[in-house]
Amino acid sequence: MNKDLISKNKEISISEFFNKNRHILGFESPQKSLFMIVKEAVDNSLDACEEYSILPQVDVKMEKASQDEFKITIADNGPGIDRKEVANVFGKLLYGSRFHQLRQSRGQQGIGITAAVFYGQITTGKHALVVTKREQDDVTYQFEIGIDVKTNSGVISREDVLVTDLKHGTSVTIWAKGKYQEGRQSILEYLRETAAVNPDMELRFTNTEGKTIRFPRTIEELPKRSIPIKPHPHGTEVGDLQFIISEFREDPISKVLQNGFSRVSNKVAEEILSISGVDPEEKAGDLPLKDVKSIVESFTKTKIMPPQTDCLSPLGIEYMRRGLRNVYEELKPSFYSKPVVRNPIVYKGNPMIVEVGLVYGGELSPDENVRLVRYANKVPLLYQQGGCAITKAVSEMDWRGFGLDQRSGAGLPFGPMILLVHICGTKIPYTSESKEAIAQVPEIIEEIKQALRLSARSLRTFMRKRERRSKANEKYRLVAQIIPEISTKSGKILGRDPPDTSKTISKVVNVVLIREKIEKKSEREYLVSADVTNYTSEKRSFTIHISPPNGTSDLDKISIDSLEQAGSKSFTFTITSDSPYKETDFYVEGIDPVYVIGAEALPPDYQMKEISYEVEDQ
Amino acid sequence: MSEKSEKLDLLARKIYDSLENGEVPALDLPTRTRENIVLDTLSLVWKYGSTKTTRSATSLDGAEYILKTLYLIDFIKEMYSVSKTSTLREMYYISEGWGHAKFHAQEESNMLAEDLEVITTMLREELSLRPEENGASIIGDITIEEKNRKGDFKKINCRDDVGDGGYNIPYSVETDKIRLIGTNAKFILAIETGGMFDRLVENGFDESFNCILLHLKGQPARSSRRLLKRLNEEFKLPIYVFTDGDPWSFRIYASVAYGAIKTAHISNYLAVPSAEFIGITASDILNYELPSDKLTDKDIQALNAELKDPRFQTEFWKQEIDTMLMSGKKAEQQSLAKYGLDFVTDTYLPDKLGAVGGGR
């Protein structure tokens, strides 16, 4: 019934409308059109795999068919498509949309891939090639598919039955005119950023030169599935309610409210209807427009439980950690902040979660703007950075207190940093249909800022620690190298024995110095050797706790007993870690920490912290 | 052991002793900046004031400085033992083998060499260190004796025994190297640029005015200034400095007459406070209508810095600097050629020398 309604009233106009206004869906330039084709297909593949709990494997191939014509193939190991549905999925605008259900998904509401097929058809006259196999089918189907603009339907110009060893999956090939480029807003960049938030995906990309780039899967665990929910009354507009009513025309309006919305119980429905003065038993289809309007107005006047938030599928800490390492480790960053996953917020009846990851240092350029990587529902946003709520939140924050340059404390800061910001939700307010930027809603901007602040704080902690470490190294050089050499050299000039330096050194530093050296032993094992030297003027006894920021240590703590003045003690331990091991956090107990360089005071919640680290790392 | 070696050992001893006594080694030396130069009322040259800088082993920088000083002392003592000298550049390269005491830039090693002079009150020559470049040249009726490589003193008249390039001043002009024998000249004209020096030589200015011409070659090398000082002291010859008309030339004059900031510890040896400036002034540019260039931003900065420089706090200089800032113009000495090749020798210099009472 729903489909009929669309096809009768809107189909023709939608197809023709698209033909005339393809920029609205993102097909506005030759370069961007190719990008859109890949994006729509990959988004669909990932959505399908996620829904069917399959670890995704995606192959993208760009081939040059002629001067300005390209053959683009996107193949996945997804669930495959029922042969009867193929024409609708690839050939019908708005097909598959479920307006009465909301769900966090990548793809557009039944527009994306059809638009891609359609764009190929109008630029080259060629139909798309679809190969698909479901696990339960014995054979593989191959279709050539086009679109009939007048009837808004898919046209299958050829169907073949093949026998292949494909278990399940779909591959779509589209011939389209366009321009292929690599660079900042490119297919490769889109895939790289997609890989950064989908570490469960195995991705291969072959460019027009035939060069293949691989983004390997680094996590075997499936992401949490998003659950479809009914819309929440808050944030519902008159048109939405009319649409829902159109599906349940014969039911009483009270029933329609309860069935069509989330968090509307019998009691809540009665309250809504009593405020709007509508009889609960009235047949929904018979309501005049004024009553529909009145009901929508009373939604906001009624106290309704906020929508459930467990329907969302955020990336989560581990996914972001792995994804960022997978994609950016080649830049040898000196710091990955612990990713921030905020609690859900509700905006206009729709739950939303903001997540932030931060990568700092290494080969990233310190003189350029920080690299801002924006995502909405796990899809990278490559265009319209300027108009996006994420950009606005980053620009409005004063980053100067966090060790970054920022002219007059506003605008994108400068520094060797990548900021990943992800927003997921059942209904994200975009600035346009092509979903390239998030609308600048004050509540959302504020929520992004909260997440950014948490990340930035951990960056500041890192920088302070680094500064302290460099100070420790400086002190070490001073007392372990330079002063002894001054002694040797002055002795040599005068032809005498070098004088003892221990008293001088105590005067110069008066600390216990702890330093470590890390040596990679095998793929996952790191040997850490640490030296403790007592440069204070007394004997010292204390305990050193070993706290690796990543991985696990075979030694928790070590007792240093009666370390003499100028005395040294060495110890070693082994770290097992999947990610590169750079430094250990040492904590001291039993000694005033002001007398220690290279370790911090033991935090009061140390034991608890340890437990939480373990949970997090698994 | 030589006296020079003993002086260096004394310094090493100070560091050694502080370690042995369980103290933190430190070196004190006068702060070598514009803010810390004062006029010595006795000699009328500018020397370092009382502000001290302490480099101590409490910091890594300070400790490295002390270590570098020790390496330098050791290196100089080694040169003493084999009777060699080294250029500042060579010393910089030799420090490659000094481990933690290695210099990171030539500027650093030059500074340390000067610091060592300040601390030990020994001259660079006594430390067996010499600059990269020799002094410039002089031409005129003066007879000297220079010790050659064989160790013999050779007599040279700087007008009759040399070509048009003049006599080349060696890096050291101390008495063990150069002896001043006699002269008939009445004064010395120190000239900034080679072009003007050659013009005066070609015009025979040294003979017609019975003077010695000395080419300063820009900011003068130490040995050029030292030779001027000796000529002034030993022959009582007045000195006139003839330069371009720009802020950098004013500084050339200041270093000849008052002493340079970087070498204020040896102003006594180098500066001739009675030297007169007869270079192009801001007023000359206007009065002679000389072809000029616009002052650059750097020129203006330099002029403003000179207004704060204690050496330029005289009525003459304040007025000239202000005039130059106001007119916004600078000019080269060779711009006098606007009035012909002989203008400088026939008119300009006689006028200028007359005005300051020279050239009689």
Side-chain angles (χ1 to χ4, degrees), chain A residues 466-515 517 531 533-540 564-568 594-598, chain B residues 1-2 4-27 54-81 94-95 97-104 112 116 119-120 127-128:
Chain A
R466 188 170 65 170
E467 202 173 294
R468 274 197 295 263
R469 255 168 228 276
S470 103
K471 207 173 135 200
N473 283 333
E474 211 170 89
K475 290 283 179 210
Y476 177 82
R477 247 170 77 81
L478 176 60
V479 299
Q481 297 173 336
I482 307 295
I483 292 179
E485 276 187 43
I486 290 176
S487 160
T488 321
K489 198 74 186 173
S490 61
K492 180 188 174 258
I493 292 171
L494 301 173
R496 300 186 183 185
D497 288 339
D500 175 54
T501 57
S502 59
K503 270 195 195 143
T504 302
I505 285 173
S506 290
K507 270 196 184 138
V508 170
V509 292
N510 196 30
V511 289
V512 172
L513 207 59
I514 302 171
R515 290 181 84 250
K517 254 203 284 221
D531 292 318
T533 314
N534 178 10
Y535 292 113
T536 66
S537 45
E538 308 166 22
K539 230 186 244 184
R540 300 279 177 179
E564 297 282 347
Q565 188 193 348
S568 239
V594 302
Y595 290 117
V596 182
I597 290 183
Chain B
M1 195 188 279
S2 77
K4 292 191 291 185
S5 268
E6 271 172 36
K7 267 185 165 175
L8 292 176
D9 278 357
L10 213 63
L11 186 58
R13 179 68 187 268
K14 181 173 141 57
I15 295 162
Y16 184 97
D17 286 351
S18 41
L19 282 179
E20 201 166 52
N21 298 334
E23 286 155 11
V24 181
L27 293 173
T54 301
R55 312 301 296 265
S56 117
T58 44
S59 75
L60 185 60
D61 275 358
E64 281 179 348
Y65 180 88
I66 291 168
L67 185 61
K68 283 170 189 178
T69 306
L70 287 172
Y71 266 88
L72 185 54
I73 289 172
D74 197 32
F75 170 63
I76 294 167
K77 285 186 71 183
E78 239 176 78
M79 289 197 289
Y80 288 163
S81 67
I94 281 166
S95 84
W98 292 359
H100 295 115
K102 178 187 150 176
F103 295 116
H104 299 294
L112 186 65
L116 195 61
I119 299 168
T120 59
L127 297 171
S128 299

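Keep in mind that the numbers below use all heavy atoms, side chains included, and drop hydrogens, waters and symmetry copies. Treat the numbers as computed from the prediction; the structure is a model and nothing was measured. Every chain is numbered from 1, with letters handed out A, B, ... down the list of sequences.
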Between A:Thr504 and B:Asn21, is any pair of side-chain heavy atoms under 4.5 Å apart?
no
Residue selection (most heavy-atom pairs with chain B, distance under 4.5 Å) from A:Lys503, A:Lys489, A:Lys492
A:Lys489
Quick one: what part of B:Thr69 sits under 4.5 Å from any heavy atom of chain A, side chain, backbone, both or neither?
neither
Ignoring hydrogens and geometry, is there a side-chain-to-backbone donor-acceptor pair from A:Ser487 to A:Ile483 under 3.5 Å?
no
If you count heavy-atom pairs under 4.5 Å between each of B:Ala101, B:Ser59, B:Gly22 and chain A, which one has the most?
B:Gly22
With a 3.5 Å cut-off and no angle check, do the side chains of A:Ser502 and A:Asp500 form a donor-acceptor pair?
yes
Between the side chains of B:Thr58 and B:Ser56, is a donor N or O closer than 3.5 angstrom to an acceptor N or O?
yes
Honestly, the part of A:Ile486 sitting under 4.5 Å from a heavy atom of chain B is both
Chain B shares the most heavy-atom pairs under 4.5 Å, among A:Gln481, A:Glu485, A:Glu474, with A:Glu485
Stepwise, does the salt bridge (Lys or Arg N to Asp or Glu O under 4.0 Å) test hold for B:Asp9 with B:Lys77?
CA-CA 9 Å; B:Asp9 278 357; B:Lys77 285 186 71 183; 2.7 Å; yes
